[in-house]
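Heavy-atom basis, side chains included; hydrogens, waters and symmetry copies ignored. When a ligand or atom number is given, it counts from 1 through the structure's own listing order. From a predicted model like this one, the values you see are computed outputs, not experimental measurements.
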Amino acid sequence: MRSVRRLECTNSVEKVSNVVSEKEGSQSWVKRKRLAVFVSGGGSNFRSINQACIEGSVNGDVVVLVTNKHACGGAQYASDKGIPVILFPKTKDEPGGLSSDDLVKVLRGFEVDFILLAGYLKLIPLELIRAYPRSIFNIHPSLLPAFGGKGYYGMKVHKAVIASGARYSGPTIHFVDEQYDTGRILAQKVVPVLANDTAEELAARVLQEEHKLYVEVTAALCEDRIVWREDGVPLIRSKENPEEYY
Ligand code: GRF
């Protein structure tokens with residue numbers, strides 16, 4: 001029997017030395033993960049992730065929802081499902097919102113392993129990024145690094161893609177750092193841009209793929225299948241074939 005040493009998989013709570021025996025080739029038991037999802041709008045990505053957790057394709061649970069808009073569709077859905085809703089940040093419109101330090105304390109209290117941004121429009125504060133290294137993710141509706149950064153959100157992204165003449169677009173899931181859309185890319189899916197597309201039509205086609213991609217990536221996260229290449233690029237180890245990465 002030969003052991004193959006691979007790359008390392010890290011998150012905020014543990015450092016897993018990813019050594020797989022070729023003979024056994026099987027993963028050891030993996031703790032069920034606790035997820036926080038952040039939304040500002042309808043929360044269709046949040047719903048599909050929560051559904052996948054309930055149905056069992058994700059080895060985790062959404063234990064708390066964070067929003068800057070208490071009346072948004074995502075917050076409503078969470079309340080209906082009995083998922084606690086936290087307001088962040090504190091603003092004129094939302095005076096009941098938490099400070100950054102309190103948010104970190106609350107998330108620690110919920111024993112959150114990973115934070116998934118799903119249409120959350122506020123910048124993530126440094127306190128949170130420091131408290132959850134390599135554990136915060138975002139989905140963006142274009143193939144980053146194109147059409148990302150401050151001001152590229154919602155239909156603006158899709159309008160810019162169409163105006164550029166790009167023939168392909170699609171969602172990107174990336175690690176979150178202190179700026180908009182600049183963290184390491186973890187996963188992407190290509191979606192064609194059609195000759196007569198409106199921004200709304202392209203957005204709908206991309207959103208369908210977002211739902212699938214975010215569930216696949218969350219499943220990988222919750223099974224400790226994220227690995228880091230020596231140059232700092234994160235990869236996802238295939239579940240079917242542990243020799244393959246994507
Ligand atoms: C998605 O297009 C996502 O890529 C972007 O915000 C949108 C959120 O949609 N970051 P929903 O609230 O999940 O429906």
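In terms of polar-atom proximity, Phe46 is not counted as a contact of ligand 1, lacking any N or O under 3.5 Å from an N or O of the ligand. By the 3.5 Å distance cut-off applied to N or O atoms, Asn45 is counted among the residues near ligand 1.
Residues Val39 and Leu213 share a hydrophobic cluster, clusters being chains of Ile/Leu/Val/Met/Phe/Trp/Tyr side chains in contact below 4.5 Å. A continuous path of hydrophobic side-chain contacts links Tyr245 to Val233 [ILVMFWY only; heavy atoms under 4.5 Å].
Close approach to His140 involves these atoms of ligand 1, each under 4.0 Å from a residue heavy atom: 4 (O). Counting atoms of ligand 1 from 1 in the listed order, those under 4.0 Å from a heavy atom of Gly42 are 12 (O). Each of the atoms 11 (P), 12 (O), 13 (O), 14 (O) of ligand 1 lies under 4.0 Å from some heavy atom of Ser44.
Rounding to the nearest 0.5 angstrom, the gap separating the CZ atom in Phe147 from the OG1 atom in Thr172 is 11.5 Å.
Within the set Glu209, Glu210, Met155, His211, the minimum heavy-atom distance to atom 3 (C) of ligand 1 is found for Glu210. If you check each of Gly43, Gly41, Cys72 against atom 12 (O) of ligand 1, the one with the closest non-hydrogen atom is Gly43.
Side-chain contact check for His211 and Ser44: at least one donor-acceptor pair (N or O, by modelled atom type) lies under 3.5 Å. Judged purely by distance below 3.5 Å, without hydrogens or angles, the side chains of Asn59 and Glu223 never pair a donor atom with an acceptor atom.
Note on Lys90 versus Asp102: no salt bridge recorded, every NZ/NE/NH1/NH2 to OD/OE distance being 4.0 Å or above. Comment: Lys33 engages Asp224 in a salt bridge, judged by a side-chain N to carboxylate O separation of less than 4.0 angstrom.
Of the protein's heavy atoms, Ile139 O, 2.9 Å lies nearest to atom 10 (N) of ligand 1. At the shortest separation from atom 6 (O) of ligand 1 among protein heavy atoms lies Gly119 CA, 3.4 Å.
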